[in-house]
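The structure under discussion appears below in the form of structure tokens.
Counting starts at 1 for both ligands and their atoms, in listed order.
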Amino acid sequence: MKTLVHAQPYPVAVDAAHTAVIMIDMQRDFLEPGGFGESLGNDTRLLQSAVEPCQSLLTLARQLGMLVIHTREGHRADLTDVPAMKQARCKPGAAIGDPGPMGRILIRGEVGHDIIPSLKPKPGEPVVDKPGKGAFYATDLDLLLRQAKIQYLITCGVTTEVCVSSTLREANDRGYLCLVPGDCCASYFSEFHHAALAMISAQGAIFGFVTDSNTLIHDLTTGTPAAEKKL
Ligand code: TIU
């Protein structure tokens with residue numbers, strides 16, 4: 001059964017039984033000092049606003065039995081999957097693989113690469129390790145979603161204009177209907193956060209629909225059945 005979720009640019013019908021929540025890169029490397037985000041010159045405190053809304057949404061998604069998938073941006077310890085172009089944009093002494101307070105920066109298995117404790121995946125929830133910004137690039141995410149018969153994605157995480165937007169655009173081209181609770185996303189740049197959200201829902205939902213965690217939780221919990229044509 002589809003439920004009507006209030007969103008921009010207009011309410012959208014969502015079938016919770018075919019919906020996955022994707023938590024994008026809520027890692028220490030981006031949300032805590034001493035990791036990749038800070039090495040790029042950013043203030044990691046600016047991402048904290050997304051944590052509580054993500055916790056609330058995760059709680060509901062788990063109650064409803066929705067598929068929850070977590071992603072992590074990171075690379076192999078031997079750096080063989082790091083494009084020279086990506087490495088060249090890092091600061092000297094704080095490149096991918098360099099030692100930092102949370103272990104080697106943006107390397108799989110290091111402390112900084114892990115998801116923050118307050119959003120730790122539950123046993124059985126898939127964690128997709130990705131070398132790029134988009135979560136479909138060089139991963140098995142699409143296979144996992146298709147196996148689970150997922151048609152709708154609720155995309156959360158950081159940063160709004162980088163990995164969330166890249167993933168959303170990849171998902172949209174693959175035919176998934178995307179819904180973004182804006183307060184479950186965050187950026188190091190407030191203006192980019194707002195612009196990225198505006199771009200998603202512009203032109204009649206060119207990439208997807210934008211809502212907020214309270215509205216989404218309310219509508220999924222108590223929502224009104226939606227007519228098919230609302231999709
Ligand atoms: N720099 C920045 O805003 N983001 C990233 O490098 N990765 C993600 O967004 N996960």
query: Under a single-linkage definition using a 4.5 Å side-chain heavy-atom cutoff for Ile, Leu, Val, Met, Phe, Trp and Tyr, are Leu40 and Met26 assigned to the same hydrophobic cluster?
result: yes
message: To the nearest 0.5 Å, what is the distance between CD1 on Ile107 and CG on Leu79?
response: 5.0 Å
message: Nearest 0.5 angstrom please: His70 NE2 to Ile24 CD1, how far?
response: 12.0 Å
statement: Cluster membership besides Leu168, Ile/Leu/Val/Met/Phe/Trp/Tyr side chains within less than 4.5 angstrom, sorted by chain and number, is Val180, Leu197, Ile200, Ile206, Phe207, Val210
query: Mind checking what makes salt bridge (Lys or Arg N to Asp or Glu O under 4.0 Å) contact with Arg146, not counting sequence neighbours?
result: Asp142
Under 4.0 Å from ligand 1, counting heavy atoms only: the protein residues, by chain and number: Asp25, Phe30, Phe36, Leu40, Glu73, Lys133, Val158, Thr159, Val162, Cys163, Tyr188
- prompt: What salt bridge (Lys or Arg N to Asp or Glu O under 4.0 Å) pairs are there with at least one residue in residues 173-195, not counting sequence neighbours?
  reply: none
